[in-house]
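Some notes on the structure that comes next.
Heavy-atom basis, side chains included; hydrogens, waters and symmetry copies ignored. For clarity, every value in this text was computed on a predicted model and none was experimentally measured.
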Amino acid sequence: MSRQANRGTESKKMSSELFTLTYGALVTQLCKDYENDEDVNKQLDKMGYNIGVRLIEDFLARSNVGRCHDFRETADVIAKVAFKMYLGITPSITNWSPAGDEFSLILENNPLVDFVELPDNHSSLIYSNLLCGVLRGALEMMAVEAKFVQDTLKGDGVTEIRMRFIRRIEDNLPAGEE
């Protein structure tokens, strides 16, 4: 019985390491394909956005989470449900703005950066920028901004993603439907 439990843990670890290494290969290829880090950052964000637009459907189907009523509730769902479901981590939510339209997600351990060291000639690369794109894509009906403000790959103690609510995009549903 304990042998099967170990297999589940080993399988999850292997899947996580495979994902991390595959993501690293993707970033490496983008660095070869584009001339500068800014173009790679834009591509990672664009790819993440496209993933997020599709991932939200899977998330809503698998999580049984209902509609969020405000940005604080959205932040809780992102940190406690979505990150846990897809990356196996639970970032902390901090640094709320007084208006309640900005917050930070603090990732103590970013699984995308395992086994990674940035070369000196890629100092402006935002290696995990895919995550910002995924957040923007998944929340496209809210029009949010997501950007890295701290990164452990650049010597910071934690990885911090700053989220800012811009506006809510209204659904074009017929009257009476929600």
Side-chain angles (χ1 to χ4, degrees), residues 16 18-60 63 68 71 74-97 101-169:
S16 136
L18 179 63
F19 174 70
T20 301
L21 294 171
T22 304
Y23 182 73
L26 170 75
V27 174
T28 300
Q29 187 61 50
L30 287 173
C31 288
K32 291 176 183 174
D33 292 347
Y34 292 91
E35 291 184 17
N36 61 51
D37 290 346
E38 190 56 40
D39 291 339
V40 174
N41 294 339
K42 286 178 187 174
Q43 270 308 117
L44 288 170
D45 183 71
K46 183 178 174 183
M47 292 169 79
Y49 182 86
N50 290 331
I51 291 169
V53 166
R54 288 164 181 76
L55 195 64
I56 190 65
E57 297 297 327
D58 178 68
F59 173 75
L60 292 172
S63 69
C68 295
F71 202 44
T74 302
D76 277 345
V77 169
I78 290 168
K80 295 175 182 166
V81 183
F83 268 88
K84 184 73 172 168
M85 183 183 291
Y86 292 106
L87 292 176
I89 59 170
T90 305
S92 55
I93 304 166
T94 61
N95 302 328
W96 277 98
S97 67
D101 62 348
E102 289 186 47
F103 66 90
S104 292
L105 291 169
I106 305 295
L107 287 72
E108 298 291 332
N109 179 23
N110 178 357
L112 293 181
V113 301
D114 290 345
F115 321 116
V116 176
E117 287 184 28
L118 283 183
D120 292 337
N121 62 331
H122 287 289
S123 60
S124 59
L125 178 67
I126 306 171
Y127 184 83
S128 300
N129 211 34
L130 184 96
L131 293 178
C132 290
V134 169
L135 290 165
R136 285 187 327 97
L139 299 174
E140 73 173 342
M141 295 304 293
M142 291 180 60
V144 297
E145 179 183 279
K147 65 180 181 182
F148 278 89
V149 293
Q150 290 189 75
D151 193 343
T152 54
L153 286 179
K154 296 185 178 182
D156 297 317
V158 295
T159 298
E160 178 181 354
I161 300 173
R162 188 76 181 157
M163 300 282 301
R164 184 171 69 91
F165 175 78
I166 299 171
R167 70 184 184 292
R168 180 165 185 224
I169 300 171

If I take atom CG from residue Leu21 and atom CG from residue Leu26, how far apart are they, to the nearest 0.5 angstrom? 12.5 Å
Decide yes or no on side chain to side chain contact (heavy atoms under 4.5 Å, CB included) for Tyr86 and Val134, but give the supporting numbers first. CA-CA 11 Å; Tyr86 292 106; Val134 169; over 6 Å; no
Mind checking what makes ring-ring contact (aromatic ring centres under 6.0 Å, His included) contact with Phe165, not counting sequence neighbours? Phe71
Just how far is it from atom NZ of Lys147 to atom CD of Glu160, taken to the nearest 0.5 Å? 10.0 Å
Is there a side-chain contact between Ile78 and Leu139, using heavy atoms and a 4.5 Å cut-off? yes
What distance separates Ser128 OG from Leu153 CG, expressed to the nearest 0.5 Å? 6.0 Å
Go through the steps for Ile56 and Met141 under the test side chain to side chain contact (heavy atoms under 4.5 Å, CB included), then give the verdict. CA-CA 11 Å; Ile56 190 65; Met141 295 304 293; over 6 Å; no
Is Leu131 close to Thr159 at the side-chain level, that is, under 4.5 Å between some pair of heavy atoms? no
Using the test side chain to side chain contact (heavy atoms under 4.5 Å, CB included), find all partners of Thr20 that sit at least two apart in sequence or belong to another chain. Asp114, Phe115
In terms of heavy-atom contacts, Arg162 and Val149 come closest through CB-CG1, 3.9 Å
Measuring from Ile161:CD1 to Asn110:CG, what's the distance to the nearest 0.5 Å? 7.5 Å
Rounded to the nearest 0.5 Å, the CD1 atom of Ile126 sits from the CG atom of Asp151 at a distance of 8.5 Å
For residues 125-156, the ring-ring contact (aromatic ring centres under 6.0 Å, His included) pairs (sequence neighbours left out) are Tyr23-Tyr127
Would you say that Asp33 contacts Gln43 through its side chain, given a criterion of any heavy-atom pair below 4.5 Å between the two side chains? no
For a side chain to side chain contact (heavy atoms under 4.5 Å, CB included) check, start with the C-alpha distance between Val144 and Leu135, then their side-chain angles and the critical distance, and finish with the verdict. CA-CA 8 Å; Val144 297; Leu135 290 165; 5.6 Å; no
Which distance, rounded to the nearest 0.5 Å, do you find between the SG of Cys132 and the CG of Leu44? 10.0 Å
Just by distance, do the side chain of Asn41 and the backbone of Ser124 share a donor-acceptor pair under 3.5 Å? yes
Any donor-acceptor pair under 3.5 Å from Lys80 side chain to Thr90 backbone: no
